[in-house]
Amino acid sequence: MIELKGIVREYRNGDVVTPALTGIDLCIGKGEFAAVMGASGSGKTTLLHIIGCMDAPTSGIYRLDGEHLERASEKRLSAIRGQKISFVFQHFALLEDCTAAENVALPLLRQRMSGAERRAKVLAALEQVGIAGLARRKPSQLSGGQKQRTAIARAIVCGADILLADEPTGALDSRTGAEIMGVFQELNRMGKTIVIITHDRQVASCANRLIEMQDGRIIHDEAI
Ligand code: ADP
Ligand code: MG
């Protein structure tokens with residue numbers, strides 16, 4: 001479903017060109033759980049942003065479910081973000097003044113639906129990540145693991161089938177990180193396609209595919 005061919009991404013600052021991706025060929029099928037590893041600066045985040053329609057390649061082909069996206073309009077890309085693809089970040093990116101339930105509801109505010117329907121979807125998402133009882137707490141009253149569960153609930157609440165996570169356990173201790181990987185594994189068992197970036201081999205071992213990057217290329221890709 002995710003197909004990248006000859007993807008190049010260069011950043012230009014005046015006369016300085018930084019090649020972040022130098023030719024990526026990659027297919028990720030529905031229901032896969034892939035981990036991306038590689039040294040800092042190897043292009044992992046850039047790759048995830050292109051897959052997630054947050055950034056466009058300088059050249060190359062990107063097809064998602066057969067649809068060409070390399071030159072899609074911002075409007076189309078924005079529709080895909082949220083509907084088909086959602087992100088989870090290292091530092092959770094929650095609104096501090098909103099409760100867990102309000103944070104999870106945010107992506108639904110763009111859609112027309114009744115308050116009751118919205119509350120039901122939020123509760124179902126919070127239940128799926130095991131924190132339905134914490135719906136009224138604000139982020140300051142949640143542990144790191146509970147914050148990341150809230151962020152994962154926000155990522156799944158619109159029904160996106162693809163979850164992309166940039167070092168989702170990077171701000172957590174190893175035990176909590178393992179719990180969060182358990183949440184991703186459960187979502188993967190229920191059919192979500194998941195791509196995570198990590199520096200931690202233990203975290204990567206929870207996936208079923210390991211992709212290693214170096215200098216803007218994939219140097220290794222195997223089922224694990
Ligand atoms: P990683 O996530 O593996 O650390 P990145 O994808 O963030 O790598 O970065 C890949 C390369 O692109 C690095 O050399 C980085 O400095 C460069 N880069 C990333 N974002 C920008 C940007 N906005 N402007 C210029 N260079 C960038
Ligand atoms: Mg990065």
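Whatever order the structure lists ligands and atoms in, that order sets their numbers, starting from 1. Owing to the predicted nature of the structure, the values given are computational and were not obtained by experimental measurement.
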State, to 0.1 Å, how close [X] and [Y] come at their nearest heavy-atom pair, and which atoms those are.
X	Y	answer
F92	R154	O-NH2, 2.9 Å
R76	E67	NE-OE2, 2.7 Å
R149	I180	CG-CD1, 3.8 Å

Salt bridge check: are [X] and [Y] linked by an N-O gap of less than 4.0 Å?
X	Y	result
K5	E3	no
E74	R81	yes
R9	E70	no

For ligand 1, run through the N/O pairs with the protein that fall under 3.5 Å and put one pair on each line.
from, atom 1, to, atom 2, distance (Å)
ligand 1, 2 (O), T45, N, 2.9
ligand 1, 2 (O), T45, OG1, 2.8
ligand 1, 3 (O), S42, N, 3.2
ligand 1, 3 (O), S42, OG, 3.4
ligand 1, 3 (O), G43, N, 3.0
ligand 1, 3 (O), K44, N, 2.9
ligand 1, 3 (O), K44, NZ, 2.8
ligand 1, 4 (O), G41, N, 2.7
ligand 1, 6 (O), T46, N, 2.9
ligand 1, 6 (O), T46, OG1, 2.5
ligand 1, 8 (O), G43, N, 3.2

Quick test of your reading: applying ring-ring contact (aromatic ring centres under 6.0 Å, His included), list the pairs with at least one residue in residues 39-69, sequence neighbours left out, ordered by first then second residue. H49-F87
Check the hydrophobic clustering (I, L, V, M, F, W, Y; side-chain heavy atoms under 4.5 Å; chains of links allowed) and say if Y11 and I50 are grouped together. no
May I ask you to list the protein N, O or S atoms found at less than 2.8 Å from the Mg ion (ligand 2)? T45 OG1
Among all residues two or more places apart in sequence or in another chain, which pass the side-chain hydrogen bond (donor to acceptor under 3.5 Å, both in side chains) test with D173? T176
